[in-house]
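Let me begin by presenting the structure, written as structure tokens, before commenting on it.
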Amino acid sequence: MQDFLAYTVLGLCLGSVYAIAATGLVVTYSTSGVFNVAHGAVATMSALVYWQLRFGWHMATPIALVLTIVVFAPLLGMFLEILVMRGLRGTSEVTRLVTPVAVLLAINGAATWIWFRKSNRALVPQKFFGERHINVLGQAVYFHQIIGVGLSVLIAGALFVVLYRTRLGVTMRATVDDRSLLMLNGGRPDRASLASWAIGAALAGLAGVLLSPQLGALQVFALTLLVFDAYPAAVAGRLRSVPLTYVGAMVLGLSKLYFDWVSDAGQRWLVLRNLRNAIPAVLLFVALLLLPQDRLRGAVVSRTRERFKVPTLRQAVLWGVVLVACVAMLQSLMSGSAVISLANGISLSLLALSLVLLTGYAGEINLAVFTFAGIAVIAAWQFDVGPTGLATKQSLSVMAILLAVCVCALVGGLIALPALRLRGLYLGLATFAFGIIVYQLVILQIQPLHFNLFGWKFTVNLFSTGSLTVPRPNWFGIDFGGQRAFLMLMTVMFAIIGVGLIALRRSAYGRMIVAMKDSPAACATLGLNITRLKLGVFMLSSAIAGLGGLMWAAQRRTLPNNADFDGFASLTLFMIAVVGGIGYVSGALIAGIFLSLLSVVMPNIFAKLGSDYPSLHWLFVTVLGNFTHYVGPAMIGIGLGKNPSGIAQQVMDGFRPLRKAPVATAAWVVSLAGLWLLTWRGVLSNWNFALICVVSVFLVPRLIMSVFEARFADEERLVAGEDLDLIGLERPFRASDRQVLDTALGLPVTGVPHAPS
Amino acid sequence: MSEPLLELVDVRAGYGSIEVLHGVTLTVHRGEVLALLGPNGGGKSTSLNVLAGLVDIMSGEVRLAGRPVTGVGADKLARLGVCTIPEGRGVFPNLTVRENLMMATHTGAKLSDIEAIAYERFPRLGDRRSQLAGTMSGGEQQMLAMSRALATNPAVLLLDELSMGLAPLIVSSLYEIVAQVAETGVSVLVVEQFARTVLGIADRAAIMLSGRITRVGPPDEIAEELSSAYLGGKGQP
Ligand SMILES: Nc1ncnc2c1ncn2[C@@H]1O[C@H](COP(=O)(O)OP(=O)(O)O)[C@@H](O)[C@H]1O
Ligand SMILES: [Mg+2]
């Protein structure tokens, strides 16, 4: 009993800090409508700044604390609001989820760059008042913890007064309700959001400083994850209610400590050793499923800036062939390491394809793509290699792939079932929680699991050696073990699945999926079975993720269990896929290649430039190289608010003139092929060929545009096949459009354009 | 009639690249009630939103008390005394009645005074002061919006389709209040589609068709022309 009470006290101490972290989230969400995934990163950055001031530069604790919590964190919050979050107005829920993810990665990248670039430095923060403590029922309760409890009580009171009793607070809440109405009432929404981001960031900073001593030495992503643990409390408060958030935080703190108590700090059941780390994710999942969804913002159909066009099947097949041909030609010119980078990219593109179906077409969210990759690997590995250990087989068999794909589809369905009523942000959080649970309990599981099913005894090894080796396929007498052959195999797979997805999107089923995305309510009234539709999409998308994941693992050959599965890789891939253009198969291709290029190839190029020009080493390596390595991908994600339809669409629009000038286009393609031949024979150097290709891709469409200007006068008239509904949205409405509209609607054509006089 | 208070001068405005108002000139004089009528989609709400500072104009000028206020933000105009109840959504649904009224305190008035006046005018609101505005009936929401608007002591009141979805009895009592307010020297612009009730309290009326003001005149003359405006004929290409 005494133990129970002591653990209760400790649980409430932990809960208090979670409460501080979670209320910060609630403040920003309830006043700006953005779920700030980057909250954890703000906390991390603040904890590092505090460490720097307090222990790096030996300032007095109160000064360091004030500089961190009252100056640095609020400034960071306001900076984010002005620079990034303001641009999110009028964008879809996916964009509003992805942009903070990009911010998170950017901040963490910057933190790594500033503090952990050199080596694995150990930055050890200390508790306030060091180890001083009092004894409560035989347990040491540190002054640090008592301060945490005190602060959380103070903050709860202060927030209540500010949000509900002051004009500023009410204005902050009114901003999310109705921005323009607020302005009509003399309110200043920009200032209100600024204030709310400053308060939210200050709370994040405080939570970061309070939580950081738990880790021993500071680590960027570990600390961010520690703050993530507080998210279920915010969800318990439905991202809105401060009191409920406090209740949720206490439940969270207590569950962790009670688990310590019953499990003897995790020593009692080794299989469940990691459950402690999964508790927040489990609670998050449960909270999402159980809580009534009050006026789900995510379910509101809103007019957004995103528009995706669908290519015809013929175009899709053509592009598939072009892709395979291009990759084949390119790889013949590329060096071994470049081929590896390209293959890495294509393997990621395969994974990203699952998101095109799920998010791009159906509007659902999965923030655990890599988890499905992990599940697929485990499944295939059981089948192919068995429980005995190392890879005994030379080839990934078709049966193993089928098994892995089926398992993934099943798991996807199982996840979708409870999550069916969730949408948008909440679905994203649920899948993220699922990813964490699987990571902690399955992928980090190094205990062999012994089963006894009706006398049939068997053992399942998950990641028992800490890593799994996945062989590459050897089918139809072709050995795909070599990097070039495997690259081609993956490219062909990508093309086939891509064409399949476009065919699916063009079918009646595809139209139902898109209708479901646009308005589930309208679909239901039309008699569509939303449940079955959603389940089907989830299963199919998980199956694709499984297949892609298996190829990705085979590309890597050896897969350690501690990388890529902790959630951040999935977040990154999701973000880059959205940036690439989530509604397009080509967007997935761009995403994968981007991800592989940006983090590896660009820094390498800068490193080479740095060694070629030593006087500019500082610029190339220290600034540009590190920048592209640490924060580059995230910066691109942050730019998403400006162009929510993604890169793919821009590229396609750039190539549009080519369709009007087939002869010139053919001439261009043929001359490129000729140059490739010359390069292949060694007449032209690879670099020159690459240069010519890149330059011509940018120049030729523009050139064609200017030479054949006369033909583009036609563009002034509505292009046949252009989507009538979108006239005026994708380009300005023209007087001549009226005639076309009249014809299309079967009205007598007036002949007199109804132009404003 | 006395001097102009709020003016649109040859204003062209719209959304994105689509022009909705094709050169609108409209004047609200000090202390008058001007009714702006016309069929759906004619651009009445857009005109009102231009006056309120919510929609930017492409050309022309907006003047308040003779001074150009083109491009001045809605919040600033509100603080200058231009008070708007927009179409269909005059309240903050997730704030309580009391908090909604609090949004009128930017003029420096005390919340307790505002509440006292509002609950005296609409006792129904007094019973619901802690209720979320979004959960109240349409009539009650409109009463709340009206109370909040009047609490700011506006110089100009812009009302967009006050009658939308409300019972006729509530509509006429709301307009009675508008008439009382106008008596005190406040200029009022009322936008309505059909409601002839509004012509009873208007000093002047205007008809708007396809983004143009087609007629301005005394209410009784306008009443006669209204039906022809709705039945097509005029102004249709
Ligand atoms: N937010 C908007 N975006 C684009 N077009 C709009 C918007 N609001 C109104 N419109 C268009 O402007 C025109 C005039 O609308 P509105 O001013 O609301 O007319 P009214 O109030 O007279 O019914 C309509 O054709 C309408 O479709
Ligand atoms: Mg209107």
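Being a predicted model, the structure only gives us computed values, none of them experimental. Reminder, nothing fancy here: chain letters follow the sequence lines and each chain counts from 1.
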### Query
Please walk me through it: do B/Phe92 and A/Leu182 pass side chain to side chain contact (heavy atoms under 4.5 Å, CB included)?
CA-CA 8 Å; B/Phe92 298 98; A/Leu182 177 63; 4.0 Å; yes
### Task
Verify side chain to side chain contact (heavy atoms under 4.5 Å, CB included) between A/Met183 and B/Lys76, making sure each step is shown before the conclusion.
CA-CA 8 Å; A/Met183 291 175 72; B/Lys76 197 132 181 244; over 6 Å; no
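No donor-acceptor distance shorter than 3.5 angstrom exists from the side chain of A/Arg188 to the backbone of B/Asp75, with no hydrogens or angles considered. The backbone N or O of B/Asn94 lies less than 3.5 Å from a partner atom in the side chain of A/Asp177, making a donor-acceptor pair. With hydrogens and angles ignored, the 3.5 Å screen pairs no side-chain donor or acceptor of A/Arg173 with any backbone N or O of B/Leu95.
Looking at B/Ile85, B/Val82, B/Thr84 one by one, the single match for side-chain contact (heavy atoms from CB on, under 4.5 Å) with A/Leu184 turns out to be B/Thr84.
In terms of non-hydrogen atom pairs under 4.5 Å with chain A, the most contact-rich of B/Ala145, B/Gly53, B/Ala74, B/Gly73 is B/Ala74.
The CE atom of B/Met102 sits 7.0 Å away from the OG1 atom of A/Thr166 when rounded to the nearest 0.5 Å. Once rounded to the nearest 0.5 Å, the distance linking CZ of A/Arg165 with CZ of B/Arg98 reads 6.0 Å.
Of the two parts of B/Thr152, neither the backbone nor the side chain holds a non-hydrogen atom closer than 4.5 Å to a non-hydrogen atom of chain A. When heavy atoms are compared at a cutoff of 4.5 Å, A/Thr175 does not approach chain B at all. For B/Ala104, the part lying under 4.5 angstrom from a heavy atom of chain A is the backbone only.
In this structure, A/Gly186 and B/Ala78 approach most closely via the heavy-atom pair N-CB, 3.3 Å.
Annotation: B/Glu120, atom CD; neighbour count of heavy atoms from other residues, nucleotides and ligands within 6.0 Å does not exceed 12.
For the residue pair B/Arg148 and A/Asn185, a side-chain donor N or O sits within less than 3.5 Å of a side-chain acceptor on the partner.
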